[in-house]
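For reference, the structure is listed below as structure tokens.
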Amino acid sequence: MATASVAKPRTSLRVGVQKFGTFLSGMIMPNIGAFIAWGLITALFIKTGWLPVPELGGFGNNAAGAPNVGLVGPMITYLLPLLIAYTGGKMVYDVRGGVVGAIGTMGVIVGAGIPMFIGAMLMGPLGGWTMKKIDSIWDGKIRPGFEMLVNNFSAGIWGGLLAMLGFFGISPLVQAFSTAAGNFVQFLVHNGLLPLTSIFIEPAKVLFLNNAINHGVLTPLGIQQSLDQGKSILFLLEANPGPGAGILLAYIFFGRGAAKASAPGALIIQFLGGIHEIYFPYVLMRPLLILGAIAGGMTGIATLAITNSGLVAPAAPGSIFAVVAQTSRDSYVGVILAVILAATVSFLVSSLILRTTHHSDEVDLGAATSKMEEMKGKKSSVSSALLGAAGGTALLTRPIQNIVFACDAGMGSSAMGASVLRNKIKAAGFPEVKVTNAAIANLTDTYDVVITHQDLAERAQPLTTGAVHVSVDNFMNSPRYDEIVELVKSSNAAPGAQGSTTAAEPAAQPATAVVGRDVLLAESVILNGTATDRDSAIDEAGKLLLDRGSVDMGYIHAMHEREESVSTYMGSFLAIPHGTNAAKDHILHSGVSIVRYPEGIDWGGKQVKFVVGVAGIDNEHLHILASIAKIFTDKAQVAQLEQATSVEEVLDLFGKVNA
């Protein structure tokens, strides 16, 4: 039996900095769209922009002789800091913390008179945390009917006090810090020392400390510098895609095995998509390659400094498209040259390392990707894009131990599919691999493989970015199941797979126990249905559930709603109509109905002879679905159902299927 490995506690200083950086970036990243909007407006409409517009760019006077306010100044002075503060407070204490944090930040903004990004990143979480502590004082002690009064006035009073604290106390300190940090950056630039920051930045990226550096320090300072000078070099210290592209190009020409085969796809994701972490495993495989990244980074920064080039706003993600879009009007040559030269130098240094060292890239790419995920502290959203050399199959970086079938409700189609695949995987000798079913709304990013109907794949993918996704159009006998079984075999046979796959399969429980639990009753089975089309067949199967008191009328309406969104056709002449996830309140107790149509009916272009209506509370109905799945994957059993002459034969068949 396989045994789960126990992760070692991650208590290093690096992990602490990583968490701090994640928190800082958590305030910035959700608001990157606002930064981009400000950057585009600035690049287009300021006095030196591509399309100068006084009313938008904030220069010149209006018809009344008053100065034009424009959008650029108010957005960077008020909108962006307040968004950051609200996000930071919300991270600590939900919406209430966000509101109080934004109120406190307003005091810092007005007190300083300059954009207060550092102040917002301080006051936002501080407001949320202090409000949370204050609420805990009278938690559970407020008389009924006075909750809203106390909550609103406490937030208003404390927010006002924080605004005054920000105005008189915090703003001078943050202003002094921002001035000192800006002076330090200028010192590095004027003395030609800024390229040396790559010695720290490039290794930090691979160790996932880049968020603490980029979004915690460089972006706020870069915004201030951009406001003063119209552009900033700081936005490209970490975001330059050149160093990573150079490493991947070196693998394309001089790599071996799986690393060489996967490098072209990784290059597209890194350079065009801006997801830099895709190249981290390649560096972890060959730690010396960090020298290539450092050399490329230093070259890019030096080029920017020499040409006095920069961006007007952050380039996030670090795609070449984002970089070009945010480039200052007078910096296109310098920025593009910085990217090209950074990639060239990184490629030359990395190529030399690859040519002069001996290493088995094919064996170690998976291990390096796993190491990257371990350092990141969670699954990587792009690790599955590192493709193996054969067939384009996703390169799994861990043994498959957890597979989930997901559908809208998580109780019908997915349960049947899970039962079919579970039996196949057990037959292949891997009874320890867990195969479950769930509603898409309940998915978390904890699965190795996620299987959905092809019409639902787009809904499941954002919720489980670290998993391999497989879409099917037939839950009963999809050819993709055999591919998944092979993936289970290969991943669990690879180095690092835990445990043995020779454990005996536990004895199956007879399905007769299910019939005894009144999930399937004789009066809920019809051998000759009267419906002639899909919708009337759903009504016929649903009425059987309604007549026995399993559901109310609202559930039958939900069965039709479910069918309109995704077909419940399963293959092997079977359809299992059931309600949506939102219709579970219409289920009174679990029940299953079966209607046979000897001549068959059209079900969205498929022939259906058996319609199984499903209504389940918790997991009470899953045993009978497992029995149904076993029957309909066996052609001989399906033939017996087609030839059955009595309801008792149908019930008897379901009762003996697991015997």
Side-chain angles (χ1 to χ4, degrees), residues 16 19-38 69 71 73-178 211-212 215-217 219-220 223-224 314 441:
K19 290 181 178 179
F20 178 65
T22 299
F23 183 79
L24 293 179
S25 67
M27 288 186 274
I28 299 290
M29 290 303 294
N31 300 304
I32 284 295
F35 280 92
I36 292 174
W38 173 81
V69 176
L71 289 175
M75 285 181 72
I76 195 172
T77 302
Y78 300 106
L79 175 64
L80 297 180
L82 289 176
L83 283 175
I84 292 171
Y86 177 82
T87 304
K90 188 174 185 291
M91 290 168 63
V92 176
Y93 194 37
D94 204 29
V95 173
R96 186 169 171 80
V99 171
V100 173
I103 296 171
T105 300
M106 193 65 191
V108 181
I109 293 172
V110 176
I114 62 173
M116 275 283 103
F117 294 96
I118 300 295
M121 297 173 79
L122 173 65
M123 291 300 292
L126 178 64
W129 181 78
T130 52
M131 193 70 252
K132 184 177 182 180
K133 292 298 181 183
I134 292 173
D135 282 350
S136 67
I137 296 175
W138 48 68
D139 184 32
K141 301 176 183 178
I142 305 174
R143 291 182 178 275
F146 289 85
E147 295 91 347
M148 183 177 294
L149 179 69
V150 173
N151 288 339
N152 287 342
F153 269 85
S154 61
I157 293 171
W158 183 243
L161 291 174
L162 279 180
M164 288 186 283
L165 174 65
F167 185 92
F168 292 108
I170 303 298
S171 62
L173 297 177
V174 176
Q175 190 171 9
F177 172 80
S178 298
N211 287 332
H215 298 304
V217 179
T219 294
I223 288 288
Q224 182 63 52

Non-hydrogen atoms of P81 and A120 that approach each other most closely
O-CB, 3.2 Å

Can you find a heavy atom in the side chain of P125 that is under 4.5 Å from one in the side chain of M27?
yes

Determine, stepwise, if the pair L71 / W38 fulfils side-chain contact (heavy atoms from CB on, under 4.5 Å).
CA-CA 8 Å; L71 289 175; W38 173 81; over 6 Å; no

Rounded at 0.5 Å granularity, tell me how far CG in D94 sits from NZ in K132.
10.0 Å

For A102 and A85, which heavy atoms make the closest approach, and how far apart are they?
CA-CB, 4.1 Å

Atom pairs and distances, side-chain donor-acceptor, residues 133-149, under 3.5 Å, sequence neighbours left out:
{"from": "D135", "atom 1": "OD1", "to": "R96", "atom 2": "NH2", "distance (Å)": "3.1"}
{"from": "D135", "atom 1": "OD2", "to": "Y93", "atom 2": "OH", "distance (Å)": "2.7"}
{"from": "D135", "atom 1": "OD2", "to": "R96", "atom 2": "NE", "distance (Å)": "2.6"}
{"from": "S136", "atom 1": "OG", "to": "K133", "atom 2": "O", "distance (Å)": "2.5"}
{"from": "K141", "atom 1": "NZ", "to": "I137", "atom 2": "O", "distance (Å)": "3.3"}
{"from": "E147", "atom 1": "OE1", "to": "G145", "atom 2": "N", "distance (Å)": "2.9"}

Is there side-chain contact between M106 and Y78, with heavy atoms separated by less than 4.5 Å?
yes

With the side chain counted from C-beta on, respond yes when T77 and I109 share a heavy-atom pair under 4.5 Å apart, and no when they do not.
yes

Identify the two heavy atoms, one from P74 and one from V69, that lie closest to each other, and give their separation to 0.1 Å.
CG-CG1, 3.5 Å

Point-to-point distance, once rounded to the nearest 0.5 Å, from CE of M121 to OG1 of T87:
10.5 Å

Heavy-atom distance under 4.5 Å between the side chains of I170 and L162, does that happen here?
no

Smallest separation among heavy atoms of I103 and A163, with atom names
O-CB, 3.5 Å

Just how far is it from atom CD1 of I84 to atom CG of L122, taken to the nearest 0.5 Å?
12.5 Å

Mind checking side-chain hydrogen bond (donor to acceptor under 3.5 Å, both in side chains) for W158 and listing every partner two or more places apart, or none if nothing turns up?
T130

Taking the side chain as C-beta and beyond, is there a heavy-atom pair between V108 and F167 under 4.5 Å?
no

Do you know which two heavy atoms are closest between M131 and S154, and how far apart they sit?
CE-OG, 3.9 Å

